[in-house]
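Here is the structure we will look at.
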Amino acid sequence: MRGWLKATIGLAVLSGLLLGADRIAVGVAEDEAADRIVKSGRMSQRPDVSIEGFPFLTQVVSMKLDDVRISSDGLTVGDGSHQVALHSFKAQLSGVKVSDSMSSATVDSGTGSGVISYPDLAQLLPPASQLLHGAKLPVGGSSRLTLSYAGPGKVKASLGPIAIGEGTVHNKGNTVTVDGFRLSSLAGLVAGATNQQLEPMSFTLDSLPAGLKLADKDGGSGVTPLPEGLQLAFDGKGVKLLG
């Protein structure tokens, strides 16, 4: 009985040491991964990285991490000429294959999400003068539309005091299009617009975080209007995270 008790205590101590070593190793790896991701230029700010799964050391031996989570609330995205904030970015990367020195990493598949506020979204759209041909913009008013949430799948737009109406947002690849807006007769008269139908407004996002792209699936969309802003959904397969 005494021998069994000693063996049990010894096994418990050894397990604790191994667990501690595993957790220390994963913490070091998470910090190193965060540094390398931002240095690679695939994210505009150092993210928080969490390597899931236990034990970590066996994943290191196989050079493949089962589940990596990335998050940040200070990233930027843009269309090449304008950069805007991407809030609440989160991504889950599955099957992350890393090299010996962690100088390169590829991802079997990944998904993520983030939000662009409506004021920032308006900055990515063309000036109203390009949308309302012949329109007389309000004196002292903004040359850009003001956008807000208008219910599931829709956004509402106005130009200064002039309500434009409701439209939809959709994407094809990384190109986002806002369209379907039509001025009322009164709004068209006030704006002096010669065309009551607004031209579709599009922009193409580049340098999306973690090498992902906007989701573009049959029956689904990579962009969803929410009360707090436009939610972007990301995905990717065979993504190059590092190197």
Side-chain angles (χ1 to χ4, degrees), residues 8 10-77 85-116 171 173-174 205-217 219-224 226 228-243:
T8 301
L11 182 60
V13 171
L14 179 59
S15 298
L17 291 174
L18 291 175
L19 175 60
D22 191 87
R23 294 301 88 191
I24 291 173
V26 75
V28 171
E30 288 170 346
D31 286 341
E32 180 68 16
D35 288 338
R36 289 184 178 271
I37 288 173
V38 71
K39 288 177 182 178
S40 72
R42 288 181 173 82
M43 295 185 73
S44 59
Q45 179 175 294
R46 189 180 189 274
D48 292 324
V49 177
S50 176
I51 299 175
E52 305 296 319
F54 179 82
F56 167 69
L57 293 175
T58 59
Q59 298 182 65
V60 173
V61 172
S62 67
M63 305 304 294
K64 188 172 184 178
L65 307 177
D66 298 332
D67 184 358
V68 178
R69 311 288 176 93
I70 299 176
S71 62
S72 179
D73 200 36
L75 299 180
T76 58
V77 294
L86 179 68
H87 302 283
S88 305
F89 173 75
K90 295 180 180 180
Q92 180 176 358
L93 310 177
S94 301
V96 181
K97 302 171 186 176
V98 297
S99 63
D100 290 337
S101 59
M102 203 182 281
S103 60
S104 65
T106 57
V107 180
D108 287 346
S109 63
T111 59
S113 64
V115 175
I116 298 177
N171 73 292
N174 288 345
L205 294 173
D206 57 13
S207 302
L208 294 178
L212 299 173
K213 59 182 179 58
L214 283 182
D216 186 12
K217 302 176 180 178
S221 176
V223 290
T224 304
L226 299 176
E228 61 269 28
L230 185 68
Q231 184 181 60
L232 309 183
F234 306 101
D235 65 12
K237 293 184 181 296
V239 172
K240 196 169 189 180
L241 182 63
L242 295 175

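These numbers were taken from a predicted model, which means no experiment stands behind them. Below, each value reflects all heavy atoms present in this structure, side chains not excepted, and no hydrogens, waters or symmetry copies.
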Under the side-chain contact (heavy atoms from CB on, under 4.5 Å) rule, collect the residues that match up with [X], sequence neighbours excluded.
X: S44; value: L75, T76
X: S88; value: D73
X: K90; value: S71
X: S99; value: S101, S103, S104

- prompt: Step by step, would you call F234 with L214 a side chain to side chain contact (heavy atoms under 4.5 Å, CB included)?
  reply: CA-CA 4 Å; F234 306 101; L214 283 182; 3.9 Å; yes
Only counting residues at least two apart or in another chain, list the ones meeting side chain to side chain donor-acceptor pair (under 3.5 Å) with [X].
X: Q45; result: none
X: K64; result: D108
X: K39; result: none

Could you tell me which non-hydrogen atom of [X] sits nearest to which non-hydrogen atom of [Y], and how far apart they are?
X: V98; Y: A105; value: CG1-CB, 3.9 Å
X: A233; Y: S221; value: CB-O, 4.4 Å
X: P209; Y: F89; value: CG-CE1, 3.4 Å
X: P47; Y: A34; value: O-CB, 3.4 Å
X: G74; Y: S72; value: N-OG, 3.4 Å
X: I37; Y: M43; value: CG2-SD, 3.5 Å

- prompt: Roughly how far, to the nearest 0.5 Å, is CG of L241 from CD1 of I70?
  reply: 5.5 Å
K97 NZ to L242 CG distance, which is reported to the nearest 0.5 Å: 15.0 Å
message: With a 4.5 Å cut-off on side-chain heavy atoms, are L93 and D67 touching?
response: no
- prompt: Do N174 and D206 come close enough that some side-chain heavy atom pair is under 4.5 Å?
  reply: no
task: Can you tell me which residue pairs pass the side-chain hydrogen bond (donor to acceptor under 3.5 Å, both in side chains) test with a partner in residues 230-242, sequence neighbours excluded?
output: K213-D235
- request: Among residues two or more places apart or on two chains, list those pairs meeting side-chain hydrogen bond (donor to acceptor under 3.5 Å, both in side chains) that have a residue in residues 26-38.
  value: E32-R36, D35-R46
- request: Could you pull out all residues at least two apart from D66 that satisfy salt bridge (charged side-chain N to carboxylate O under 4.0 Å, His left out)?
  value: none
message: Pairing donors with acceptors under 3.5 angstrom, does anything connect the side chains of Q92 and S94?
response: no
- request: Look at the side chain of N171 and the backbone N and O of A215, then say whether any donor-acceptor pair between them is shorter than 3.5 Å.
  value: yes
task: Give me the one residue out of L230, D216, I116 that meets side-chain contact (heavy atoms from CB on, under 4.5 Å) with V223.
output: L230
